[in-house]
Protein chains: 2
Amino acid sequence: MGKVNIKSIAAALHLSPATVSRALNDSYEIKQETKERVLAYAARHNYRPNPFAKHLKTGKTNLIGVVIPFLSSPFFLEFIDELYNAVLPHHYTLIPFQTQNNEKIEKEALDFLVRQHVAGIIISPAHEKSNTELLKHIHHHTCPVILFDRIQHGLDTYKIGIHNSLETYSATEQLIKKGRTKIAFLCGKDIGNTKDRIRGYKNALHNYSIPFREEYVIHADYQDPTQNIDSELKEVFRKLQTTDNMPNAIVGGTDTLSVKVLGILATLDLSVPQDVAVIGFTNTNLANYLNPALSTIRQPTQEMARLALELLIKLIDKQQDRRDIVYENFMLQATTINRKSTEV
Amino acid sequence: MGKVNIKSIAAALHLSPATVSRALNDSYEIKQETKERVLAYAARHNYRPNPFAKHLKTGKTNLIGVVIPFLSSPFFLEFIDELYNAVLPHHYTLIPFQTQNNEKIEKEALDFLVRQHVAGIIISPAHEKSNTELLKHIHHHTCPVILFDRIQHGLDTYKIGIHNSLETYSATEQLIKKGRTKIAFLCGKDIGNTKDRIRGYKNALHNYSIPFREEYVIHADYQDPTQNIDSELKEVFRKLQTTDNMPNAIVGGTDTLSVKVLGILATLDLSVPQDVAVIGFTNTNLANYLNPALSTIRQPTQEMARLALELLIKLIDKQQDRRDIVYENFMLQATTINRKSTEV
DNA sequence: TTGTATGCGTTATCAG
DNA sequence: CTGATAACGCATACAA
């Protein structure tokens, strides 16, 4: 059970390590017969190249770092899940990290990935200015970086996202067309996407001459998708209810919140969609099983993942100085899925 | 911006590489002043040790492989999530893989992890006999392996799980005590856990003298938690409904199904819990937001993750031959959380 | 307390 | 077509 490596193979076959290495790498300059002998021996003895030695020599790895805020958020989970599918035919391995929206944790993750000499990084940053200098440095000097979802970031590279303002505009508009006028907007932290989403909501109100009401923008400032913010959220709605200001429609600005609000409305004895129509952001695979089934804006998560990987691999393969490239923003199309929660 | 490594530091400070290496590793045999000079220079020039070179030399990595069936299953997701939390204070990095319950994909994942020379592996195998020989070989000769959740596996090591039969027994019993007698059991693939869970369900029926009915064990044979099996499942319940055999209670044997069945019952105009009481398996963080809120058996997922990591690190640190160790099974206690879906 | 020399497993350069 | 040798960055036995 001694270690089987190039040297041991060479010794066993009375060849030099160099020849064995070349045979294993299918070099054109090695005789067919020798190749076969080496490959047969290697297979028989279950030879596995040592990636550390290989990397030390070549300076290349087949690792791809993925940095996201939370694993436990339906959108990011679906993204990672599809990334795993997409990466299968390629010779890369994913190393996912979650940052909890925390710049310091993000920095640690990036440092680690750099130390691991990853071939590239796909990231949705903790916030708009999160680790800007570090990311620029990595992208310019170390390995390519691709941004997705949270693309309002100073790094100049390929960016993949959706038109957040357009999507919430359209969602709000649909509720207006169904005759709802007291429309609330539910959102999380004030990161770039949230700003854009609020803007779309406001524009829709404005274009339909519905006055904007500050108290209808409900900020649920959670740190973590699994955190329990029921009581706060419930309190907000209870207050609106007792002052006779209860909205009759809600646009959920994040995937997590849109699901939770259904449960909270239920405990307040409000029925959906009769009393309050609800439309969520991001189509979790559960939306269809909720009661009532939740209408959602469906982000093309899988396309985003596939595109991110494709662009990253393109950059990895390209030798060009990454500061000279003209990068494109890919704004993918979302679609609204109407289910029971907005049915008249 | 030349590469900064031990050699370059040594040259800059007029020291030998050996001295620098020892200073960086805080060796006792280096003068305090020298240490400080080296550390200061290293910090100033943002020195990062090359893990590949280090590993090539020491034969050790700080990588931990995590192999699970699906990322998109609430239980496994929560497990991984907690693993990420638990690993923070330690000097290890997680490399997660999903197998889709497929032994071949699992083998590829394990091969990769072995090639990466991971320090240890935490796995919930694709099935009871999945890669048994490979796992034994890894555990005995390469790095320690810990099993969780699906612990009916031939590998002799620490195993962390719950008493599946006891838990479904207790869930079934609770429904019986609420006066339900037509109790169905909803389950996925026929893997070990499912068998145990069905056994608990049957035992409860038996002990309360309720005849077991084959058609009340409903197998939803999905490949993937995100797969759409609505129509099949709906068809099953519709048939039971039209033949006047609709159960008045359902024990959900998997986390995914328990959530979906609520949505399906809603489309069949059955109200929960009046017509059908439902209790789910595994407390997804959404259970509380469903309408009605879903009663569930709560697995102590976080404790499982922390314990798995703790045991693994213990094995990594221990030098003893792992075949000589007497391993313990850790059967953690689950708890039933009663919510609206089982309220009388 | 520090320096010299060696090797981990691989690939690349040069020579034959 | 194949072999000898050096080098990647680091840690350590041995020397001083």
Side-chain angles (χ1 to χ4, degrees), chain A residues 1-39 41-42 45-63 91 111-112 114-119 142-143, chain B residues 1-39 41-42 45-63 91 114-119 142-143:
Chain A
M1 185 55 221
K3 297 277 169 224
V4 40
N5 53 32
I6 286 191
K7 202 193 280 184
S8 73
I9 296 178
L13 299 181
H14 304 290
L15 291 167
S16 76
T19 305
V20 173
S21 171
R22 280 186 279 241
L24 289 170
N25 289 304
D26 200 24
S27 162
Y28 64 94
E29 42 184 7
I30 297 292
K31 186 164 51 168
Q32 191 57 32
E33 189 214 318
T34 312
K35 276 186 193 173
E36 281 163 10
R37 275 176 64 216
V38 171
L39 290 178
Y41 184 94
H45 291 75
N46 200 28
Y47 166 73
R48 300 274 174 241
N50 181 325
F52 295 85
K54 179 178 259 175
H55 166 66
L56 191 56
K57 190 64 192 170
T58 63
K60 285 175 190 170
T61 65
N62 60 344
L63 303 175
H91 242 207
D111 280 344
F112 175 85
V114 168
R115 251 175 301 151
Q116 292 295 314
H117 293 229
V118 291
T142 312
C143 69
Chain B
M1 184 55 223
K3 298 278 170 223
V4 39
N5 54 33
I6 286 191
K7 202 193 280 183
S8 73
I9 296 178
L13 299 181
H14 304 290
L15 291 168
S16 77
T19 305
V20 174
S21 171
R22 281 185 277 242
L24 289 170
N25 289 307
D26 201 23
S27 163
Y28 64 95
E29 42 185 6
I30 298 293
K31 187 164 49 168
Q32 190 58 33
E33 189 212 319
T34 312
K35 275 185 194 173
E36 282 162 11
R37 274 175 66 214
V38 171
L39 291 178
Y41 184 94
H45 291 74
N46 200 28
Y47 166 73
R48 300 275 174 241
N50 181 325
F52 294 84
K54 180 178 256 173
H55 166 66
L56 192 55
K57 187 64 192 169
T58 62
K60 286 175 189 169
T61 65
N62 60 344
L63 303 175
H91 242 208
V114 167
R115 252 175 299 151
Q116 292 295 315
H117 293 226
V118 291
T142 312
C143 68

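Chain A is the first sequence line, chain B the second, and so forth, proteins listed ahead of strands; every chain is numbered from 1. Below, all heavy atoms of this structure are taken into account, side chains as well, without hydrogens, waters or symmetry copies.
Shortest non-hydrogen contact noted between B/Ala23 and B/Leu39 is O-CD2, 4.4 Å. When all heavy atoms of A/Val114 and A/Thr142 are compared, the closest pair comes out as CG1-CG2, 4.2 Å.
Taking atom CD1 of residue A/Ile30 and atom C1' of nucleotide D/dG3, one finds them 10 Å apart after rounding to whole Å. Rounded to an integer number of Å, the gap from A/Leu56 CG to C/dA12 P is 13 Å. Here the P atom of nucleotide C/dT11 and the OH atom of A/Tyr28 are 16 Å apart, to the nearest Å. As a whole-Å value, the separation of B/His55 NE2 from C/dG7 P is 19 Å. Distance CZ (B/Arg48) to C1' (D/dG9): 16 Å, rounded to an integer number of Å. With rounding to whole Å, A/Leu15 atom CG is found 10 Å from D/dG3 atom C1'. In this structure, A/Asn50 atom CG and D/dG9 atom P are separated by 16 Å, rounded to whole Å. Rounded to a whole Å, the NZ atom of A/Lys3 is 16 Å from the C1' atom of C/dT10.
At the heavy-atom level, B/Lys31 lies under 4.0 Å from the strands shown only through sugar-phosphate atoms. No contact: A/His117 has no heavy atom under 4.0 Å from any strand. Among the atoms of the strands shown, only primed sugar atoms or phosphate atoms (P, OP1, OP2) are found under 4.0 Å from some heavy atom of B/Pro49.
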Atom pairs under 3.5 Å: protein N/O with N/O of nucleotides 13-16 of chain D:
from	atom 1	to	atom 2	distance (Å)
D/dA13	N6	B/Arg22	NH1	3.3

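Using modelled atom types, one side-chain atom of A/Arg37 and one backbone atom of A/Leu13 make a donor-acceptor pair closer than 3.5 Å.
Residue pairs meeting the salt bridge (charged side-chain N to carboxylate O under 4.0 Å, His left out) criterion with at least one partner in residues 45-63 of chain B, sequence neighbours excluded, are A/Asp111-B/Arg48. Evaluation of the salt bridge (charged side-chain N to carboxylate O under 4.0 Å, His left out) test over residues 5-16 of chain A, restricted to residues two or more places apart or in two chains, returns none.
The side chain of B/Ser21 has D/dT12 as its nearest neighbour among C/dT10, C/dG3, D/dT12. Listed nucleotides C/dG9, C/dT11, D/dA11 differ in distance to A/Ala53; the shortest reach to its side chain belongs to C/dG9.
At a threshold of 4.5 Å between non-hydrogen side-chain atoms, the residues B/Tyr41 and B/Val20 do not count as touching. Residues B/Asn50 and A/His117 form a side-chain contact, since some pair of their non-hydrogen atoms from C-beta on lies under 4.5 Å apart. For the pair B/Thr19 and B/Thr34, the minimum side-chain heavy-atom distance is below 4.5 Å.
OP1 or OP2 of D/dC10 sits under 4.0 Å from a side-chain N or O of B/Tyr47. Residue B/Lys35 has no polar side-chain atom (N or O) positioned under 4.0 Å from OP1 or OP2 of C/dT1. OP1 or OP2 of C/dG9 lies within a sub-4.0 Å distance of a side-chain N or O belonging to A/Asn5. The phosphate of D/dT2 (OP1 or OP2) has a side-chain N or O of A/Thr34 nearer than 4.0 angstrom. Applying the 4.0 Å criterion to OP1 and OP2 of D/dC8, one finds that B/Lys7 has a side-chain N or O inside that range.
Residue-to-nucleotide proximity on DNA chain D shows that, of B/Thr19 and B/Phe52, the 5′-proximal contact is made by B/Phe52.
Residue B/Lys57 places a side-chain atom within donor-acceptor reach of the base of C/dG7, judged by atom type and a 3.5 Å distance cut-off alone.
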